[in-house]
Amino acid sequence: MTEIILSRKKNGMIALLLTLLVLAAAVVGTIMGAVELENGGSAWLLVIGLVLLCFGWIPLCGLRVLKPQEALVLTLFGKYIGTLKGDGFYWVNPFCSSVNPAAKTRLNQSGDVSSAGMVLQTSESTVAVSAPSNKISLKIMTLNNNRQKINDCLGNPVEIGIAVTWRIVDTAKAVFNVDNYKEFLSLQCDSALRNIVRIYPYDVAPNVDTTGDGIADEGSLRGSSEVVAQRIREEIQQRVDEAGIEIVEARITYLAYATEIAAVMLQRQQASAIIDARKMIVDGAVGMVEMALERLNQNGVVELDEERKAAMVSNLLVVLCGNRDAQPVVNSGSLY
């Protein structure tokens, strides 16, 4: 389906004035015809005036008003004839009908459906009744799908949510290639999100290839959010090209372990952090001990045999690696 832009239809004001002029002439003709008929004249003027009054309003049905960033897909007896784009006052064939299968569908945080409408006041409550329009919005809109529980590449359940900004670039494809382009977009976002999340671990893991080149890398959902979001956007775009939709951006809005393993994974992260901290403390303590022994040897402060060096190293490591302040014991005698 190829989009056809109707660019020479901005003549709504002329059509409106001509129609009103014809209706005014019909009223005058009807009155004059009735007067002439009473005087014994011909009834043709009266008949013509009545016919114009009965059918002269039909051209008014072809008037269309569009605001900026709005479009109207028109069909004539089931055949697609074109799309009106751009703000203005248009006149088209009065028998044309506008088509928008997603007019009554509202997506989360999507502003393409007008919230204006009638308000019904009842004895118990007030009910707002919206009046959906067949106009198609060309603005950039936001889709915030519900959070999904997906297993990452290691089998850990992860809860993730994304926000997708999108817009329609081909109205004919959006209306005629899919049944409901909004529901189609939402389902494709869910499917693409699952496909991409299954490739990555939540956190950096060894021997995991996330790029498909056969080489392990450090990609993860938590550490490579920009890369993951870009791959999600590209995956969605490939799926919605046939619907005439452009994906502007995709962003991860929520990422966490599922509740059933969140506590265990928190303990694991805490244990990993403790191990890393201990490793750093030990590396620093060993370096300080080496420096102390080297300085004592260079300055000739004291000469230590291997046994005394071992005792000194043990004491220094206990002091430097301990969790609490050292309680020194002063030895006033000899070690032997």
Check [X] against [Y] and note the closest heavy-atom contact, atom names and distance.
| X | Y | answer |
| --- | --- | --- |
| Leu63 | Trp91 | CD2-CD1, 3.4 Å |
| Arg233 | Val248 | CD-O, 3.7 Å |
| Leu45 | Met32 | CD2-CB, 3.8 Å |
| Arg231 | Thr210 | NH1-O, 2.7 Å |
| Ile252 | Ser225 | CD1-O, 4.3 Å |
| Trp166 | Ile168 | CZ3-CG1, 3.9 Å |

Per the side-chain hydrogen bond (donor to acceptor under 3.5 Å, both in side chains) rule, what does the pair list look like for residues 236-246, sequence neighbours excluded?
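As it turns out, the side-chain hydrogen bond (donor to acceptor under 3.5 Å, both in side chains) pairs with a partner in residues 236-246, which skip direct neighbours, are Arg167-Glu246, Gln188-Arg239, Ser191-Arg239, Glu235-Arg239, Gln237-Asp241.
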
Donor-acceptor contact below 3.5 Å, side chain [X] vs main chain [Y]:
| X | Y | answer |
| --- | --- | --- |
| Asn145 | Ser186 | yes |
| Lys182 | Ala102 | yes |
| Tyr181 | Thr171 | no |
| Ser220 | Gly223 | yes |

Please evaluate residues Val158 and Ile150 with respect to the criterion side-chain contact (heavy atoms from CB on, under 4.5 Å), reporting the C-alpha separation (whole Å), side-chain torsions for both, the decisive distance (0.1 Å), and the verdict.
CA-CA 5 Å; Val158 175; Ile150 308 172; 5.6 Å; no

Report, as yes or no, whether the 6.0 Å neighbourhood of atom CG on Asp283 holds more than 12 heavy atoms from other residues, nucleotides or ligands.
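Yes, because the 6.0 Å sphere around CG of Asp283 holds more than 12 heavy atoms from other groups.
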
For the atom pair OG1 (Thr142) and CG (Asn144), what is the distance rounded to the nearest 0.5 Å?
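Here the interatomic distance stands at 8.5 Å.
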
Between OG1 on residue Thr83 and CG on residue Leu72, distance to nearest 0.5 Å
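That separation rounds to 8.5 Å.
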
Do Leu17 and Leu21 sit in one hydrophobic cluster, given that two such residues count as connected whenever their side-chain heavy atoms are within less than 4.5 Å of each other, even indirectly?
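No, no single cluster joins them.
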
Give a yes or no on whether Leu50 and Ile48 share a hydrophobic cluster (residues Ile, Leu, Val, Met, Phe, Trp, Tyr; joining criterion: side-chain heavy atoms under 4.5 Å apart).
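Different clusters: Leu50 never reaches Ile48 through Ile, Leu, Val, Met, Phe, Trp or Tyr contacts under 4.5 Å.
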
Are Gln230 and Glu226 close enough that a side-chain donor and a side-chain acceptor fall under 3.5 Å?
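Distance-only check fails for Gln230 and Glu226.
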
